[in-house]
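I have placed the structure first, in the form of structure tokens, so that the comments after it can refer back to it.
In each ligand, atom 1 is the first atom listed, and ligand 1 is the first ligand listed.
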Amino acid sequence: MKLAVIPGDGIGKEVIPAAMSVLDRFNLDIEKTYLEVGYGRWERTGLAITDDDINTIKECDCVLFGAITTPNDPNYRSVLVRLRRELDLYANIRPFAPLPNVTLPCYNNKHFDFIIVRENTEGMYSGIEEIHADTAYTTRVITRKGSERIAGRACRIAAAQSSRLTIVHKANVMKSCSFFRDICIEVAKKNNISYSEMLVDAMAYDLVLHPERYEVIVTTNLFGDILSDLSAALVGGLGLCPSANIGERYALFEPVHGSAPDIAGKGIANPVAAILSVKMMLEWAGWNKEARSLRNAVDEVLKSGKTTPDLGGSCTTKEVARAVETLI
Ligand code: ATP
């Protein structure tokens with residue numbers, strides 16, 4: 001397998017090397033290409049990512065991505081949004097379940113385990129925008145192709161784990177949402193997946209109170225973005241949440257958190273989200289035994305209390321990664 005590694009900015013430069021040192025323990029046949037991409041590069045050269053970088057990435061099978069600082073500058077274009085488009089990574093997949101020994105800031109203590117499958121290339125993030133003197137427009141694009149393929153991906157996940165599908169939308173207000181909802185229902189029926197639907201506002205409320213009710217959630221780009229951050233809070237923090245961006249040809253794996261400038265350079269960022277992103281990459285590549293072993297090692301380290309300060313521990317990023325490595 002060919003892997004492009006993009007640590008990026010801030011704590012990306014700390015958690016990705018930590019996750020890579022864990023991956024290296026498996027001695028798998030992986031050819032790695034490191035790329036300097038991101039805000040730091042933009043400050044130095046005026047370009048956060050070049051066409052050559054994109055070509056190099058397209059010669060790889062997948063990407064392990066840290067985090068990139070997005071400056072408040074209208075000339076700056078998001079690297080991640082470009083990568084998602086260029087590689088056609090239409091499905092953003094984020095699993096959420098409590099990890100051992102992590103205190104849940106949740107109203108109920110029932111076990112939960114759900115996956116958000118978010119459409120990643122259109123919706124409110126279509127990039128079709130206009131600003132005039134008194135009015136600004138953002139065009140929300142929902143296509144049949146985009147909706148069918150994200151619904152199809154969610155149904156495949158639901159079928160693989162015999163789960164129920166929840167279609168999240170705001171069809172009572174937006175016609176583009178009725179369009180999305182109807183296509184998701186068509187696809188669920190065709191695949192014999194049991195489904196229900198929820199309005200996104202009700203979903204936000206219910207996810208906080210009853211996360212145990214949900215298994216696979218499929219939704220549009222902006223709603224998925226917001227519900228994912230809400231869900232990160234449910235599991236105890238951004239430092240714990242991995243994600244996968246999947247297309248037909250390529251995939252990109254990244255922790256849900258950003259570059260965290262407030263703690264960058266201190267060596268205390270939690271590497272668990274990045275390490276669990278590597279676990280998702282191993283599963284995607286078919287290295288399931290290694291993925292299970294990695295997950296068990298992370299669980300054991302969390303149980304042992306070897307954690308970074310965000311979880312109440314006093315370990316460094318490197319110490320947590322080393323503890324995981326020794327269990328592999
Ligand atoms: P960006 O602008 O890159 O999105 P941000 O600071 O706005 O950065 P995050 O990086 O997601 O957003 O961080 C939000 C908060 O969560 C910060 O206080 C940060 O320190 C904390 N945080 C995020 N990731 C981690 C991590 N891996 N370990 C510990 N704390 C984290």
Side-chain angles (χ1 to χ4, degrees), residues 6-22 36-43 48-49 64-84 92 94-96 98-99 101-105 116 118 120 125 221-222 224-245 252-280 294 298 301-302 305-324:
I6 302 180
D9 303 306
I11 62 168
K13 288 199 190 113
E14 298 163 42
V15 296
I16 293 301
M20 286 303 294
S21 69
V22 172
E36 190 212 348
V37 164
Y39 178 57
R41 165 97 168 275
W42 182 75
E43 272 193 317
I49 188 165
L64 182 64
F65 185 93
I68 285 185
T69 304
T70 305
N72 193 7
D73 182 321
N75 296 318
Y76 186 89
R77 292 274 161 270
S78 164
V79 168
L80 198 50
V81 171
R82 177 158 182 208
L83 281 175
R84 283 173 180 161
N92 187 295
R94 297 183 177 185
F96 296 97
L99 289 164
N101 221 5
V102 176
T103 314
L104 299 184
I116 296 184
R118 158 189 165 197
N120 220 9
Y125 298 171
N221 207 338
L222 173 64
D225 198 5
I226 296 168
L227 292 178
S228 297
D229 269 25
L230 180 151
S231 306
L234 286 179
V235 299
L238 282 165
L240 299 169
C241 304
S243 77
N245 295 267
L252 179 150
F253 302 88
E254 52 161 344
V256 167
H257 61 74
S259 63
D262 55 335
I263 56 164
K266 296 184 181 161
I268 55 162
N270 191 342
V272 167
I275 293 171
L276 292 179
S277 301
V278 166
K279 178 206 161 236
M280 292 185 84
L294 181 47
V298 169
V301 169
L302 289 171
K306 285 186 194 131
T307 58
T308 43
D310 55 309
L311 296 181
S314 56
C315 290
T316 62
T317 310
K318 282 186 182 153
E319 283 166 348
V320 173
R322 224 168 286 133
V324 175

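- At least one side-chain heavy atom of L80 sits under 4.5 Å from a side-chain heavy atom of L252.
- The closest donor-acceptor contact from the side chain of S277 to the backbone of P242 lies at 3.5 Å or more, if one exists at all.
- The closest donor-acceptor contact from the side chain of T317 to the backbone of P271 lies at 3.5 Å or more, if one exists at all.
- The only member of N245, N221, L222 that meets side chain to side chain contact (heavy atoms under 4.5 Å, CB included) when paired with R118 is N221.
- Judged by distance alone, with hydrogens and angles left aside, the side-chain atoms of T307 form no donor-acceptor pair with the main-chain N or O of L302 at under 3.5 Å.
- When every heavy atom of M280 is checked against every heavy atom of A244, the shortest pair comes out as CE-CB, 3.7 Å.
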Protein N/O near ligand 1 N/O, under 3.5 Å, which pairs?
{"residue": "ligand 1", "atom": "3 (O)", "partner": "S259", "partner atom": "N", "Å": "2.8"}
{"residue": "ligand 1", "atom": "3 (O)", "partner": "S259", "partner atom": "OG", "Å": "2.8"}
{"residue": "ligand 1", "atom": "10 (O)", "partner": "G258", "partner atom": "N", "Å": "3.1"}
{"residue": "ligand 1", "atom": "10 (O)", "partner": "G258", "partner atom": "O", "Å": "3.3"}
{"residue": "ligand 1", "atom": "10 (O)", "partner": "S259", "partner atom": "N", "Å": "3.4"}
{"residue": "ligand 1", "atom": "10 (O)", "partner": "A260", "partner atom": "N", "Å": "2.8"}
{"residue": "ligand 1", "atom": "11 (O)", "partner": "G258", "partner atom": "N", "Å": "2.9"}
{"residue": "ligand 1", "atom": "18 (O)", "partner": "D262", "partner atom": "OD2", "Å": "2.8"}
{"residue": "ligand 1", "atom": "20 (O)", "partner": "D262", "partner atom": "OD1", "Å": "2.9"}
{"residue": "ligand 1", "atom": "20 (O)", "partner": "D262", "partner atom": "OD2", "Å": "3.0"}
{"residue": "ligand 1", "atom": "27 (N)", "partner": "H257", "partner atom": "NE2", "Å": "3.4"}
{"residue": "ligand 1", "atom": "27 (N)", "partner": "N270", "partner atom": "O", "Å": "3.1"}
{"residue": "ligand 1", "atom": "28 (N)", "partner": "N270", "partner atom": "N", "Å": "2.9"}

